[in-house]
Amino acid sequence: QAVTHVVRAVQDDIWASSLAPAACACHSSSATECSPFRSRLGAPPIRSARALNQLSNTPEPAVDAAENANPEAVPAAAEAVGEAARMEFQAETRKLLDIVTNSLYTDKEVFLRELISNASDALEKRRHRELTVEGGGTESGAAEMAVTITADSEAGTITISDTGIGMAREDLVANLGTIARSGSRNFLQQVADEGVAASTNVIGQFGVGFYSVFMVADHVTVFSREMGAERGHCWRSNGDGAYELSEAAHVQPGTTIVIKLKESEQRFAQKYTIEQNIRKYSNFVGFPIILHGERLNTIDAIWMKSKGEVSDEQHKEFFRYVAQEFTDPRYTLHFSADAPVSIRAIFYVPNSHMEKWGMARQDPGVNLYSRKVLIEPKCEKLLPDWMRFLKGVVDSEDLPLNISRESMQDSALMRKLNSVLSKRVVKFLAEQAKRDEKEYLDFFREFGQYIKEGVCADFELKQEAAKLLRFESTSGERGELVSLDDYIARMVPEQEDKIYYLAAPSRESAMASAYMEACAANKVEVLLLTSTIDEFVMTNLNNYAGKTLETAENAQLVLAPTEGAEKLSSADAEALFAWLKEAVPQIKEVSLSTRLADSPAMIVGHESASMRRMMAMMEAGRAPQLPPQKLEVNGAHPIIRGLSAARDAQPQIAKRIAVQVYTNALIAAGLMDDPRMMLSNLNDILASTLEPHARAAVPAAAATPAEHVEVPAQQSAKDA
């Protein structure tokens, strides 16, 4: 306690000397005595001056008379003085190792990927030495370059050996005894300093991959002998922050790692588990990987080759591997790019997909590699979600990976990479459409829903993706699909830079629609949208190549008047319109149409039928209340002229017919939620129409009893 008081007294002396000119708001005789002032500046708590003086034999500092002269004075800003000493950060090794081994990686299975990558780097260093050092730089009789793995499920051990360059004692200390020191990165730097082109096959970057083994291991033993050296060494550790290092006898050139698995991780000693792990992460490492005498990585990383070096048969084999399919690819895109980073990629378009059968939404099919080692399977950020039908790989030797090598660090770069790759895919599909339209149409019939999803969801690419769209048209036959560019090439002046489309359940219902009459009369082509998503595609696209996309329901096209045709007078029309709004409350406005030829009426200015169906699905099948509608009528149509005459002569029948005319117009617009609702009114109309005939038939039936005609047994039903 005495020592503590002395220390605090010294602290007070320091603060007193530095704050002697200062004063505080409470007008204490010294700033050092004001507790709030001291607390604000971070000074130690005040102690008894008498006690401090007794302990330190130091008189209390004199108080400047001017201390209270300016109670509002502000202390000077803190600043560094004197010469600064440069210090090293310190780390608690055991805690750091615990973080690296237990908090860095998502999946424990990646430990094998990391160790195989280290072995591959050692083999790459040996190859570099053999090519650059006079005499080969290796000892005679050296084994072929390979990674060999054996497992003992009963003993719970895994042994990984490589015939690479090996490590001397100082290398073991530097590479295994120092966390976050990458021997591979140092090797690349050394090669670059020597002015020699560095190999792109070196994988390691961060110097922490080796320690991932402690996620599954109780104890790790490493035997290593540098190529050309006489003695080997043994490195041992159980991951507790310390290791043992000694000489070792009978060590072959290269490195051997013996892993004693934890009791809870014994599954990793199973041959099948190891084999699946290697095929998933390390199947394309550039050196043979041998498990219990069998080479596993037999498929070449063909994306690292130039396009001309890969045969169609190699592409077919690789597609079956990466897509897990037994068919051949429909399209193959093999390319490389230098921006935003150096990338090599292969994309395949399969022949079919499972979503069309009502299966769950499929996962992305493109895997991210770096230097032929899997970084992220089914990477979601490489391509837009609507391109999830693609299969393939993307590889880059200089991706900014996070320290666990499981994803990229730079999200902005990933977005740029996504943009570059997706634009290349769209360009490729457009090229295929020009090269062979028939083959492309087969592709679109299978994968067109993905293209339409892209137009709806991908703001950046929707204009480019729109070039890939295909629809039926009034200018073509059933099943014949046309592009938007084909449509534009056939536009007529009456369209005024508008691309017209009409959504309908089928081609037949679209062609019979009242909204088609003005377009047909003016020889305006209309795209026929028969898929549920098509109208949303057009709404989201809005315009294309400077043309406005517009539904034929809103087309302001005018029919040429038919000479000599009977039609309502202006007075009759006004009277009929007023009566219609009274007879059918759901009608809010009636007007004469200039675009109807064969239909009596149609709804105009209404909401999208597709949107209404979507809203109904969101509300568990209950469509929102339909508001009153605007009705356009054909003044020359017999039904409308007859309705005008019947509204006074037979008001009941006329009202039923008016309701049916409105209902028919709703059906034509796709706004009739439940057609069964019109059956009662329709039956009343039929009964009213047939009632005179029914009354006329009653007296005749009473006067002449019906005769019973028997069909002879030998007479056939057809003859009867």
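Keep in mind the model is a prediction, meaning the values are calculated, not measured. Hydrogens, waters and symmetry mates are skipped; everything else that's a heavy atom, side chains included, is used.
Look at Arg126 and Glu130 and you find a salt bridge, because one of the NZ, NE, NH1 or NH2 atoms lies within 4.0 Å of a carboxylate O, short of that distance. At a threshold of 4.0 Å, the pair Asp485-Lys467 does not count as salt-bridged, since none of the basic side-chain nitrogens sits closer than that to a carboxylate oxygen. Salt bridge Glu446/Lys356: present, at least one basic N to carboxylate O contact under 4.0 Å. Remark: Glu431 does not engage Arg435 in a salt bridge, criterion side-chain N to carboxylate O under 4.0 Å.
With sequence neighbours excluded, the residues forming a side chain to side chain donor-acceptor pair (under 3.5 Å) with Arg320 are Asp328, listed by chain and number. In terms of the salt bridge (charged side-chain N to carboxylate O under 4.0 Å, His left out) criterion, residue partners of Glu437 (sequence neighbours excluded) are, by chain and number, Arg470. Residues that satisfy the ring-ring contact (aromatic ring centres under 6.0 Å, His included) test with Tyr281, not counting sequence neighbours, are absent from this structure. Taking Thr332 as the reference, His315, Pro329, Tyr348 meet the side chain to side chain contact (heavy atoms under 4.5 Å, CB included) condition, with sequence neighbours excluded. Residues passing the salt bridge (charged side-chain N to carboxylate O under 4.0 Å, His left out) test with Lys416, sequence neighbours excluded: none.
Side-chain contact between Glu472 and Leu481: present, with at least one pair of heavy atoms (C-beta onward) separated by less than 4.5 Å. Proximity of Cys234 to Thr221: side-chain heavy atoms (C-beta onward) are separated by under 4.5 Å at one or more points. Residues Leu527 and Val482 form a side-chain contact, since some pair of their non-hydrogen atoms from C-beta on lies under 4.5 Å apart. Residues Glu355 and Arg388 are in side-chain contact: their nearest non-hydrogen atoms beyond the backbone lie under 4.5 Å apart. Put simply, the side chain of Phe210 does not reach to within 4.5 Å of the side chain of Glu114, judged on heavy atoms. The shortest distance between side-chain heavy atoms of Met304 and Asp395 falls below 4.5 Å. Between Leu261 and Asp218, every side-chain heavy-atom pair lies at or beyond the 4.5 Å cut-off.
Ring planes of His353 and Phe447: tilted class, angle from 30 to 60°.
A donor and an acceptor atom, one from each side chain of Asn283 and Tyr321, are located under 3.5 Å apart.
For the atom pair NZ of Lys307 and NE2 of His334, the computed distance is 8.5 Å after rounding to the nearest 0.5 Å.
A cation-pi geometry, defined here as NZ or CZ lying under 6.0 Å from the six-membered ring centre and within 45° of its normal, holds between Arg424 and Phe335.
Of the possible donor and acceptor atoms, one in the side chain of Asn367 sits under 3.5 Å from a partner among the backbone N and O of Lys378.
Within the structure, every pair that satisfies the salt bridge (Lys or Arg N to Asp or Glu O under 4.0 Å) test and touches residues 283-302, not counting sequence neighbours, is listed here: Asp300-Lys305.
Paired with Ser161 under the rule side chain to side chain donor-acceptor pair (under 3.5 Å), one option of Thr148, Thr255, Thr256 passes, and it is Thr256.
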